[in-house]
Amino acid sequence: ARIIEVLSEPYLIQERTISISASIGIAVAEGPGFDADLLLKQADLALYQAKGQGRGVCCVFTAAMDEDLRARLALEMDLRKAIEEQQFELSYQPIFDLKSSKLCGFEALLRWHHPERGLVGPAEFVPLAEETRLIVELGEWVIRQACMDAVRLPGDLRIAVNLSPVQLIFGDAVATVRDILAETGLDPARLELEITETALLANDNRNLGTLRSLKELGVRIVLDDFGTGYSSLSHLLSFPFDKIKIDKSFVMASSEDTGARDILRTIASLGRTLKISITAEGVETIEQGEFLRDIACHELQGFYFAKPLNEL
Ligand code: C2E
Ligand code: MG
Ligand code: MG
């Protein structure tokens, strides 16, 4: 508590008063034979707990956190093994063009065939894969596999791949994508990389630079889950996105909620003004599809049209 107090005192830097806060996680080493890695992980868990409770808090590691830690460590170990043993697979969800009523491409969605737990969805392991940076390796596999599958598709059907912000920060995304395009011979114009707004929040302008270099390769950059999180219209000014995907929560709410319908209408018109293609995802009913057609969205994706397929 004393450390937090001292750190929280305002600093005078170039005649400005700067205030920062600190959170502290504490783990206690018992006996001489402790494991330093484990101790750091325990302190980290206590730190998460502290941050969750607000600013300027300190927390001591407890046994209850230990259970969470064990579960996480087990999952982390499984995940490392899964990458080695290639237990992953891609599902492909069709995306349709509204004007022509034709299939225009697929989104690649990651699936894990866990030997004991069965099929595990990305929501359960992508966050941990990001924390451990395993997503860099895993994400590279996803791009390669998706591109390999896409070249075998007829015509100019596109393939969309989700990119984690961690891949932008810690992976060499530009070299990876460039090499995979060269390796597979896929026309860059057929590859779409989907990022969420969190990628634009981190580390000042470095991610923007990476996105620009990716775009220079000829691939399309898509803003996924638009409307959630830190949705800020300034993100649309900071980068020339090729496409915006409206988050499925708005589409789902649109059945009952006029407010959600107003927001969808506004995003569609925003897309027209900015000349950015608009995709709506999570379309589950014909009514939702018809509404989205009436407000002139460009592309639709959702269980009503097709669930993710096991293969292309
Ligand atoms: P996302 O990119 O927004 O993908 C769309 C999610 O919505 C998919 O869930 C898809 O199965 C689901 N979905 C599609 N249509 C409908 C519908 O009509 N109703 C409902 N309720 N859901 C629908 P999924 O496959 O579980 O993926 C969840 C998220 O995990 C993705 O959201 C994406 O953010 C992430 N993800 C998936 N694959 C990858 C990957 O290869 N790398 C990374 N970094 N993230 C991935
Ligand atoms: Mg996506
Ligand atoms: Mg989405």
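Worth saying up front: this structure is predicted, and the values here are computed from it rather than measured. Remember, it's 1-based here, ligands and their atoms both numbered in the order they're listed.
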Stepwise, does the side chain to side chain contact (heavy atoms under 4.5 Å, CB included) test hold for Leu312 with Leu90? CA-CA 9 Å; Leu312 276 183; Leu90 293 181; over 6 Å; no
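- Counting only distances under 2.8 Å, and ignoring water, the protein N, O or S atoms around the Mg ion (ligand 3) are Asp224 OD1, Asp225 OD1, Glu281 OE2.
- With no hydrogens or angles considered, a side-chain donor-acceptor pair links Asp97 and Ser100 at under 3.5 Å.
- A salt bridge between Lys243 and Glu194 is absent, with no side-chain N of the basic residue lying under 4.0 Å from a carboxylate O of the acidic one.
- In the model, Lys245 has a side-chain atom that pairs as donor or acceptor with a side-chain atom of Gln301 under 3.5 Å.
- Taking every non-hydrogen atom of Glu281 and a distance limit under 4.0 Å, the qualifying atoms of ligand 1 come out as 3 (O), 5 (C).
- Ligand 1 is approached by Arg111 to a heavy-atom distance shorter than 4.0 Å.
- Counting heavy atoms from C-beta on, the side chains of Arg133 and Val166 come closer than 4.5 Å.
- Remark: of the listed residues Leu181, Val177, Thr184, Val177 is the sole one forming a side-chain contact (heavy atoms from CB on, under 4.5 Å) with Ile143.
- Of the residues listed (Thr279, Asn162, Val161), the one engaging Glu107 in a side-chain contact (heavy atoms from CB on, under 4.5 Å) is Asn162, and it is the only one.
- Between atom 2 (O) of ligand 1 and the options Asp247, Asp224, Thr228, the minimum heavy-atom separation is to Asp224.
- The atoms of ligand 1 that sit less than 4.0 Å from any heavy atom of Pro122 are 24 (P), 25 (O), 26 (O), 27 (O), 28 (C), 30 (O), 36 (N), 37 (C).
- Comparing Leu109, Ile195, Asp225, Leu90 against atom 10 (C) of ligand 1, the shortest heavy-atom distance belongs to Leu109.
- In this structure, Glu107 counts as a contact residue of ligand 1, since one of its heavy atoms falls inside 4.0 Å of the ligand.
- A salt bridge links Glu192 with Arg220: at least one charged nitrogen is closer than 4.0 Å to a carboxylate oxygen.
- Under 4.0 Å is where a charged nitrogen must lie from a carboxylate oxygen, and between Asp225 and Lys248 no such pair does.
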When the side chains of residues 32-50 are checked against the rest of the protein, which donor-acceptor pairs come out under 3.5 Å, sequence neighbours left out?
| from | atom 1 | to | atom 2 | distance (Å) |
| --- | --- | --- | --- | --- |
| Asp35 | OD1 | Asp37 | N | 2.9 |
| Asp35 | OD1 | Leu38 | N | 3.3 |

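- Ion pairing between a basic and an acidic side chain is recognised when a charged N comes within 4.0 Å of a carboxylate O; Glu76 and Arg80 show such pairing.
- Relative to atom 15 (N) of ligand 1, the option among Glu194, Gln93, Gln145 with the closest non-hydrogen atom is Gln93.
- Here the heavy atom of the protein found nearest to atom 6 (C) of ligand 1 is Lys248 NZ, 3.5 Å.
- At least one heavy atom of Pro308 lies less than 4.0 angstrom from ligand 1.
- Counting heavy atoms closer than 4.0 Å to ligand 1, residue Met252 contributes side-chain atoms (C-beta onward) but none from N, CA, C or O.
- Scanning the protein for heavy atoms near atom 38 (N) of ligand 1, the closest one is Leu110 N, 3.1 Å.
- Using a 4.0 Å cut-off between a side-chain N of Lys or Arg and a carboxylate O of Asp or Glu, Glu216 and Arg212 do not qualify as a salt bridge.
- Among Glu124, Gln288, Glu284, the residue whose heavy atom lies closest to atom 19 (N) of ligand 1 is Glu284.
- Against a heavy-atom cut-off of under 4.0 Å, Val142 is close to the following atoms of ligand 1: 41 (O).
- Proximity of Leu138 to ligand 1, defined as any heavy-atom pair under 4.0 Å, is not found for any part of the residue.
- By the 4.0 Å N-to-carboxylate-O rule, Arg265 lies close enough to Asp262 to be salt-bridged with it.
- Looking at Glu299 and Arg158, a side-chain N of the basic residue comes within less than 4.0 Å of a carboxylate O on the acidic one, giving a salt bridge.
- For atom 45 (N) of ligand 1, the nearest protein heavy atom lies under 4.0 Å away.
- For the pair Glu130 and ligand 1, no heavy-atom separation below 4.0 Å is found.
- Annotation: atom 16 (C) of ligand 1 to nearest protein heavy atom, Phe303 CE2, 3.2 Å.
- A heavy-atom separation below 4.0 Å is not found between Ala123 and ligand 1.
- Distances from atom 43 (C) of ligand 1 to the heavy atoms of Asn162, Val120, Thr196 show the closest one on Asn162.
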